[in-house]
There are 2 protein chains.
Amino acid sequence: MRYPESWLRGAPLGEGITCELRMQIISGALKPGETLSENRIAADFGTSRSPVREAMKTLSSEGLIRLERMGAVVIGLGEKEVDELYDVRFLIESFAQQRMAGLDTGPLIVQLGRIIDKMELAAKHMDPIEFAYQDLAFHETIIAEAKHSRIWQLWKSIRQIVMTVMLLTTEEVFSEGEARVAGVIDKHRKLLNGIQTNDPKTIERTVRDYFADSYVTLHDSISPARG
Amino acid sequence: MRYPESWLRGAPLGEGITCELRMQIISGALKPGETLSENRIAADFGTSRSPVREAMKTLSSEGLIRLERMGAVVIGLGEKEVDELYDVRFLIESFAQQRMAGLDTGPLIVQLGRIIDKMELAAKHMDPIEFAYQDLAFHETIIAEAKHSRIWQLWKSIRQIVMTVMLLTTEEVFSEGEARVAGVIDKHRKLLNGIQTNDPKTIERTVRDYFADSYVTLHDSISPARG
DNA sequence: ATCGCAGAAGTTGTATACAAGTACACAGTC
DNA sequence: GACTGTGTACTTGTATACAACTTCTGCGAT
């Protein structure tokens with residue numbers, strides 16, 4: 001699977017290389033332990049080393065590769081790493097939701113409702129890319145609502161990885177039939193209901209349930225998908 | 001205050017520029033809203049744009065500046081931002097400590113004890129730089145013990161900022177007399193005792209107390225120090 | 001005085017060149 | 001045969017050059 005090109009319209013070269021390499025690492029096309037050379041990658045992409053260098057730095061800051069003296073080593077995203085990624089997602093989202101408990105969540109509820117509508121539309125159109133995008137948007141909207149610069153920074157640092165993982169898993173989910181897709185939508189509706197209660201305890205439980213369920217989904221769908 | 005040069009021995013140019021700029025931003029020498037030009041900074045440091053570019057990318061990923069089309073804009077670290085930074089530190093450390101509750105913390109306790117000894121020594125020698133370094137090492141050791149790649153990644157993404165803030169605050173603390181320094185050491189000893197209990201509830205409370213107290217310290221010392 | 005337009009200066013993104021250092025293979029020696 | 005030294009190919013880090021784009025300035029026309 002390739003990174004959707006429409007998302008890179010007008011973006012600098014370096015960004016495209018970053019996304020492509022990220023996808024290759026997460027999808028498993030580039031295996032952990034493999035070493036990447038700036039020269040080789042630049043040649044592969046037909047560019048100079050400058051944008052490649054940027055990509056390497058970005059991927060390193062995302063924890064997908066490790067910069068060493070000779071060549072960068074692929075770290076990759078195995079089952080364990082994906083679990084850990086979701087630990088952090090839980091941490092971030094849990095924090096965000098707890099933080100806005102008690103505040104007026106009216107506008108947020110409306111926003112999230114609209115996103116769920118778009119997810120349903122994407123499901124109807126059998127458009128996994130759009131679906132994944134809306135899925136990401138859903139969670140991102142919640143996190144943004146926390147209005148916490150550092151939490152936002154944390155999110156940004158894993159956002160692209162989460163997006164890529166979602167792209168891959170959503171493809172898988174779509175291939176498993178409508179029921180599975182409907183299930184994902186339902187999970188988001190439950191999250192929304194949780195927020196609507198405005199009760200910290202309930203929210204805590206809702207978020208916990210959501211991610212507990214995601215672990216199962218991931219282990220069922222991702223690992224076979226990546227051989 | 002400048003970044004300790006001994007910490008940059010043999011490091012690439014870009015890293016030095018990153019650290020120097022970071023220090024200037026956090027100390028307030030570079031004020032929020034100011035725009036930085038790669039050319040100007042390169043000229044200031046007497047280097048080419050390449051290492052400066054790297055520094056900009058790093059600082060951007062740390063959330064200290066915002067890359068825009070024309071020039072990078074300084075975001076800075078005001079009181080609110082430091083609070084938020086400590087929110088995340090709490091989140092990370094709390095997670096780490098909870099995670100190893102129940103496991104054998106014996107070796108960790110020994111390690112932390114040694115670090116506290118070094119802190120005491122640094123206090124006796126009136127060496128705030130060494131003290132700050134050991135303070136960082138203390139927390140880093142705890143986080144590393146969680147053995148969680150993503151949490152470690154999160155830590156790495158704020159580590160340098162935390163280090164820099166510590167450098168600045170420790171200078172301040174040292175100038176306020178021995179009692180204050182002893183107080184900081186005592187806080188760490190309490191943290192260590194908390195871990196030693198191996199009781200999640202107690203640990204939770206200990207960590208919370210630690211950071212609650214840190215907020216007070218920060219607001220008393222940092223803000224006047226940075227005018 | 002105000003608006004519009006050209007141009008100049010400055011900006012980033014990318015390509016290319018070069019220097020310094022590292023790993024590795026291969027030959028020569030003990 | 002094992003070991004050491006050397007040379008080579010490849011690596012990163014930095015400097016420099018250039019192109020495309022943006023912003024602002026200043027001049028001229030209205």
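Chain identifiers are assigned alphabetically (A, B, ...) following the order of the sequence lines, protein sequences preceding nucleic acid strands; residue numbering begins at 1 within each chain.
Within residues 34-52 of chain A, the residues that place at least one heavy atom under 4.0 Å from DNA chain C are, in residue-number order, Thr47(A), Ser48(A), Arg49(A), Ser50(A), Pro51(A). Contact check of residues 55-69 of chain A against DNA chain C (heavy atom, cut-off under 4.0 Å) returns no residues at all.
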Run the side-chain donor-acceptor check on residues 107-125 of chain B: report pairs under 3.5 Å with partners two or more places apart or on a different chain.
| from | atom 1 | to | atom 2 | distance (Å) |
| --- | --- | --- | --- | --- |
| Glu120(B) | OE2 | Arg189(B) | NH2 | 2.9 |

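Checking dT14(D), dT11(D), dG13(C) against every side-chain atom of Met70(A), the shortest atom distance belongs to dT11(D).
Separating the CD1 atom of Ile17(B) from the P atom of dG13(D) is a distance of 13 Å, rounded to the nearest angstrom. Glu54(B) has its CD atom 16 Å from the C1' atom of dT12(C), to the nearest Å.
Counting only heavy atoms from C-beta outward, the side chains of Met56(A) and Ile41(A) approach each other to under 4.5 Å. Asp87(B) is listed as a side-chain neighbour of His148(A), based on a closest heavy-atom distance under 4.5 Å. Using a 4.5 Å cut-off on side-chain heavy atoms (C-beta onward), Glu20(B) and Arg2(B) make contact.
Side chains of Lys187(A) and Ser214(A): a donor on one and an acceptor on the other come within 3.5 Å.
Aromatic ring orientation, Phe211(B) versus His139(B): tilted (interplanar angle from 30° to 60°).
Using a cutoff of 4.0 Å between basic side-chain nitrogens and carboxylate oxygens, Arg53(B) and Glu54(A) are scored as salt-bridged.
Heavy-atom contacts from other residues, nucleotides or ligands closer than 6.0 Å to CD of Glu5(B) number 12 or fewer.
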